[in-house]
**Student:** 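For reference, the structure I am asking about is given below.
So that the names make sense, note that chain A is the first sequence line, chain B the second, and so on, each numbered from 1. Note that this is a predicted model, so its numbers are computed, not measured.
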There are 2 protein chains.
Amino acid sequence: MRPTVNDIARAAGVSLATVDRVLNARPGVRKVTIERVNRAIEELGYVRDLSAANLARRRTYRFVFVLPEGDSQFQRALRETVEEVARHAVRERMAVNTVLVPPGDPHHLARVLHGLEGGDVEGVAIMAPETPHVRDAIRHLKEHGVAVVSLVSDLPNTEQDHFVGIDNIAAGRTAGVLMRRFLGGSSGKILVLGNTMILRESVERRLGFDAALIECYPRIEVLPSIEWRDDPELLERNVRAAFASYDNIIGVYVTGSGNRLFSRVLAPYREEHELVYIAHELTEHTRAALIGGSIDVVITQDIGHVVRSTLRVLRAKVDRTEIDAAQERIRIDIILKENLT
Amino acid sequence: MRPTVNDIARAAGVSLATVDRVLNARPGVRKVTIERVNRAIEELGYVRDLSAANLARRRTYRFVFVLPEGDSQFQRALRETVEEVARHAVRERMAVNTVLVPPGDPHHLARVLHGLEGGDVEGVAIMAPETPHVRDAIRHLKEHGVAVVSLVSDLPNTEQDHFVGIDNIAAGRTAGVLMRRFLGGSSGKILVLGNTMILRESVERRLGFDAALIECYPRIEVLPSIEWRDDPELLERNVRAAFASYDNIIGVYVTGSGNRLFSRVLAPYREEHELVYIAHELTEHTRAALIGGSIDVVITQDIGHVVRSTLRVLRAKVDRTEIDAAQERIRIDIILKENLT
DNA sequence: AATTTTTTGAGGTACGCACCTCATTTTTTG
DNA sequence: CAAAAAATGAGGTGCGTACCTCAAAAAATT
């Protein structure tokens, strides 16, 4: 049987009330007494029964996800997963809400984050690019005792508690190696497509990708990234220009969102060029494209895992308990048609 | 606020005692009353607070892992992971024990399984090959209300509640496709190594592997499996024979355990032959070999995930709650040096 | 030493639920 | 219709913890 507060009280030779004061850091206990109690806790190996404690506290963890309201399939799927997981999370005393913010508006985002403090929100999960405003807002939240976790997109220079997601340089490197191996011995150019290189993920992936392929230069040459910034026509023009300039394009690497569009724009060229197509993020579209054979590899992260992990980490932070690193490590998943389940 | 038993008592116009009788399936309630209570439960969307219930019940889930005592690195790691997860599980009212059984002794295993019934064990997790004795033992356990889950190695023709692990045919197919792509356009033979083809995993992986490579025949030819049945010398003889018979061996596929040994035996040949080496199960050895470059790809399953998932499933079974399919699906992980974290 | 301040103890109530007893009401049966 | 049987209600106790109050004891101050 696990020891209870009563056992501690007896072992430490103090009353229940004192143990309670120590456990919950209430004032009015001498240092020596605190130490005596802590020694008893140590010796008996007492761990607070969190479910009983939460019951007594009538506690509900209040968490907020701040997510971009973009309509890429990945962002959609992320929002849906959060909703889904939130429904289950109710059973574990968690109230999870989502706030959507327009992408590319740091001021708006910062205002939203500021607004979260002062309510009863105990933890915030953010997916957004890092800007000075965001950094300040996060510091503000932390100062007011709110746990802050970033997901998918890291915020390394902030005071966040944790990042839930993959190492995007390694992900890009993985893509690069697979590109190299899937190309066999062919030589030619590789097209890199991305919505915008402002997002740190895209930059990091590109970095890793290049690093993995530099050793094959000049047999394989990675072309400068083509961005489209939500402008389909710009994309089309640039892709057409690329195929006009080089007749030996043998691979395509898409660093971020936009696979639906890219697939469409690339379609006419694929009839003449055999391409190895590597993309990121497993979504409805990329899944279908894997099955159909138009995408060869998808590098992804399990989004359900990301969301569940985020909640576990937030809870651990407010409870000040340990997090299980092995469980919370998000893997870089390599998905082929064959291991798609 | 979530509704409580009191709320449904009030809503159904019955007393707390009656609600309790209905909730816990105690006798002495008329059908009409039961329905009335259930309607109230439905309408208010009541869900039992499991942590409060478990607190009141002074419940501890008692689970047993029945694992092979073999000393392959995978089996070792599995046992260690179970120990590790078990330590954390105590906080969630779970008492997890491990029973080791000698591999290849179905009678012993069946005896152990029979012995588990009658105690207070509520769930059993088994990793073992399927035999008639095991089937009977599992039926016996199920009949006595013990939840049974298999992990890693499926027991499809038994009355088990669930299987936690990967689809090994798909895993083999994945290995096959990667072999094909990593080989580029080369032609030659592929060595398949496995300790024993008695284990269903090995057979299934081989099946999938062949299916993925049959289309390349005869450019690529997959040789008959070399088994070693715990006899290193047999292995060495056979490998030597294979390299003597064929001078164009270009790939190695190891379907199961034994990578440490295989690496050693293959070493002398690798100096002359460039080999694509694909293995299963990420262990200390395969990890090091990936980094060192002697293994190119490891197809694996996250063993921590497997064990945690097993516990969640067992708990869900005894609680008769839903399991989250997305969370419990074990992925076929493709590990390269680059996405090794 | 007397007084003030701090520390400690004793005890209660609540959280949401399980499980128990006994009295009372309702239904069924002869 | 009475007696027996079944169903229901009322109420209590405990699980391990939080949080509160008030009195008593101990320590620090004058």
**Student:** What residues, two or more places apart in sequence or in another chain, satisfy salt bridge (charged side-chain N to carboxylate O under 4.0 Å, His left out) together with B/Arg320?
**Tutor:** none
**Student:** Anything below 3.5 Å on both distances counts as a pair; with that, list the stems of at least three consecutive Watson-Crick or G-U pairs involving DNA chain C.
**Tutor:** C:1-30 with D:1-30
**Student:** Tell me, for nucleotides 22-30 of chain D in 5' to 3' order, what letter each nucleotide earns: B for a base near a protein heavy atom under 4.0 Å, S for only sugar-phosphate near one, - for neither?
**Tutor:** -----S---
**Student:** Is it true that a side-chain atom of A/Glu117 and a backbone atom of A/Leu141 form a donor plus acceptor pair closer than 3.5 Å?
**Tutor:** no
**Student:** Between the side chains of A/Glu42 and A/Arg39, is the shortest nitrogen-to-carboxylate-oxygen separation below 4.0 Å, so that they form an ion pair?
**Tutor:** no
**Student:** Look at A/Thr18 and C/dT8 and indicate whether a side-chain polar atom (N or O) is within less than 4.0 Å of OP1 or OP2.
**Tutor:** no
**Student:** Tell me every residue that passes side-chain hydrogen bond (donor to acceptor under 3.5 Å, both in side chains) with B/Asp161, counting only those two or more places apart in sequence or in another chain.
**Tutor:** B/Lys142
**Student:** Any N/O pairs under 3.5 Å between the protein and nucleotides 12-18 of chain C? List them or say none.
**Tutor:**
unit_1 : atom_1 : unit_2  : atom_2 : d
C/dC15 : O2     : A/Ala56 : N      : 3.2
C/dG16 : N2     : B/Ala52 : O      : 3.3
C/dC17 : OP1    : B/Tyr46 : OH     : 2.7
C/dC17 : OP1    : B/Asp49 : N      : 3.2
C/dC17 : OP2    : B/Val5  : N      : 2.8
C/dA18 : OP1    : B/Asn24 : OD1    : 3.4
C/dA18 : OP1    : B/Arg48 : NH1    : 2.1
C/dA18 : OP2    : B/Asn24 : ND2    : 3.4

**Student:** If the condition is side chain to side chain contact (heavy atoms under 4.5 Å, CB included), which residues does A/Asp319 pass it with, not counting sequence neighbours?
**Tutor:** A/Leu50, A/Arg59, A/Tyr61, A/Arg315, A/Thr321
**Student:** Is the closest side-chain heavy-atom distance between A/Val14 and A/Val37 below 4.5 Å?
**Tutor:** yes
**Student:** For the residue pair A/His114 and A/His140, categorise the inter-ring angle as parallel (less than 30°), tilted (30 to 60°) or perpendicular (more than 60°).
**Tutor:** parallel
**Student:** Between atom CZ in B/Arg91 and atom P in D/dG16, what is the gap in whole Å?
**Tutor:** 17 Å
**Student:** Look at the side chain of A/Asn24 and the backbone N and O of A/Asp20, then say whether any donor-acceptor pair between them is shorter than 3.5 Å.
**Tutor:** yes
**Student:** Could you give me the CA-CA distance, side-chain angles and deciding distance for B/Thr98 and B/Glu83, then say whether side chain to side chain donor-acceptor pair (under 3.5 Å) is met?
**Tutor:** CA-CA 8 Å; B/Thr98 305; B/Glu83 292 302 320; 3.3 Å; yes
**Student:** Would you confirm whether B/His162, through its side chain, and B/Leu151, through its main-chain N or O, come within 3.5 Å as a donor-acceptor pair?
**Tutor:** no
